[in-house]
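First comes the structure, then the notes that go with it.
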Amino acid sequence: MQYNIINVKATKEYNICIGRGVLAAIGELVAPVLGKCRLAVLTDSNVDALYGSAMMEHLAAAGYDACKFVIPAGEASKCADNLLAFLNFLAGEQLTRSDAIIAFGGGVVGDLGGLSASLYLRGVKYIQVPTTLLAAVDSSVGGKTAIDIPAGKNLVGSFYQPSLVCCDTVLMDTLPAEIYRDGCAEVIKYGMILDAALYDTLHTLPFDREAVVARCVEIKRDVVQQDEFDNGVRGLLNFGHTFGHAIEKLSNFGVSHGEAVAKGMVIAARVAPLCGLCDVADELEALLVQYGFDTSCPYAANEIYDALLSDKKRRGGNISVVLPRAVGDCILYDMPVEDLKELLQKVI
Ligand code: GLY
């Protein structure tokens, strides 16, 4: 079978295999990376119902002894209780340092699985098998792992690269439309921050999924290779996220990540001209509406401001916001948090 293989050189070097039917080849893809070992598959209730048996059968056919741990689907599962429950499961199954974890699901499973891998026995290998568009283009690549705590999303985590990413784009055929659309917000983000040509292709729907996922992963790979630990250019990947995370938090996660990022990108694009940068807000908003996003912000400027004060991008009294300079060209723009309050009041 022909897959698109993208190589990442970070603290760990690994491949990302993208293509239709990758899941059926999981055993042969995993074998050269892990050798003979036991595997613990972490997945969620939705993915388990659709593809759990297939995953276990493909692993067994390749000679792997694998156990499985299923968490309820949804962002609420990315919590300390499930982290501890999974770590206890790994210990109960007597997984050793030469064994590995497979995170089989969307961003919640990937982040929780990756964090568990970085903690269990002070670190075991793990494989990302993303099942959503969002996880495929973003969270499964680059080694950010996390859980949410009451003070905010992703506030507890680690940088811990996977040993392999296997992305079967067929699995996205069964995604509910709104979950698929969540990933489209991230795809549009990649076009806006770094690739005007990609952005242009996104005006024609449906886009070529395999080609678009591969291009987004290449962009992310290039960014991660320059700044694995998120001290500089990696911050560009947060276009729309500073405001988006605030919206998610204010809605108690009732607004999905993609929907919140879409709203956040429009807010950022409206702030840009007030900072002397270009005005692409109407253009961006029209594209997001074409994808079915509601781009309006349901919260007042003061509420967004208060909610984003716990943002990880805040350093002392300053905050770094990603703003467009043109389609395909965003920059990190540092400003005192107080200034952002005023700007938000002008655009929301
Ligand atoms: N999701 C943003 C990053 O990986 O840096």
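Positions are given from 1, in the same order as the sequence printed here. Numbering of ligands and ligand atoms starts at 1, following listing order.
For atom 5 (O) of ligand 1, the nearest non-hydrogen atom of the protein is Arg234 NE, 2.7 Å. Scanning all protein heavy atoms for the shortest distance to atom 4 (O) of ligand 1 gives Lys220 NZ, 2.6 Å.
Judged by a 6.0 Å distance limit and a 45° cone about the ring axis, Lys78 is not positioned over the six-membered ring of Phe253. Judged by a 6.0 Å distance limit and a 45° cone about the ring axis, Arg215 is not positioned over the six-membered ring of Tyr190.
Taking every heavy atom of Leu237 and a limit of under 4.0 angstrom, the matching atoms of ligand 1 come to 2 (C), 3 (C), 5 (O). Of all the atoms in ligand 1, the ones that sit under 4.0 Å from a non-hydrogen atom of Asp138 are 1 (N), 2 (C), 4 (O).
Under the 3.5 Å distance criterion, the side-chain polar atoms of Arg234 are matched with a main-chain donor or acceptor of Gly142. Between the side chain of Glu259 and the backbone N or O of Asp294, at least one donor-acceptor pair lies under 3.5 Å.
For ligand 1, none of its N or O atoms has an N or O atom of Asn238 under 3.5 Å away.
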Applying side-chain hydrogen bond (donor to acceptor under 3.5 Å, both in side chains), run through Glu13 and Asn7 and close with a yes or a no.
-> CA-CA 7 Å; Glu13 181 171 351; Asn7 180 258; 3.2 Å; yes

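With a 4.0 Å cut-off on non-hydrogen atoms, His241 does not touch ligand 1 at all.
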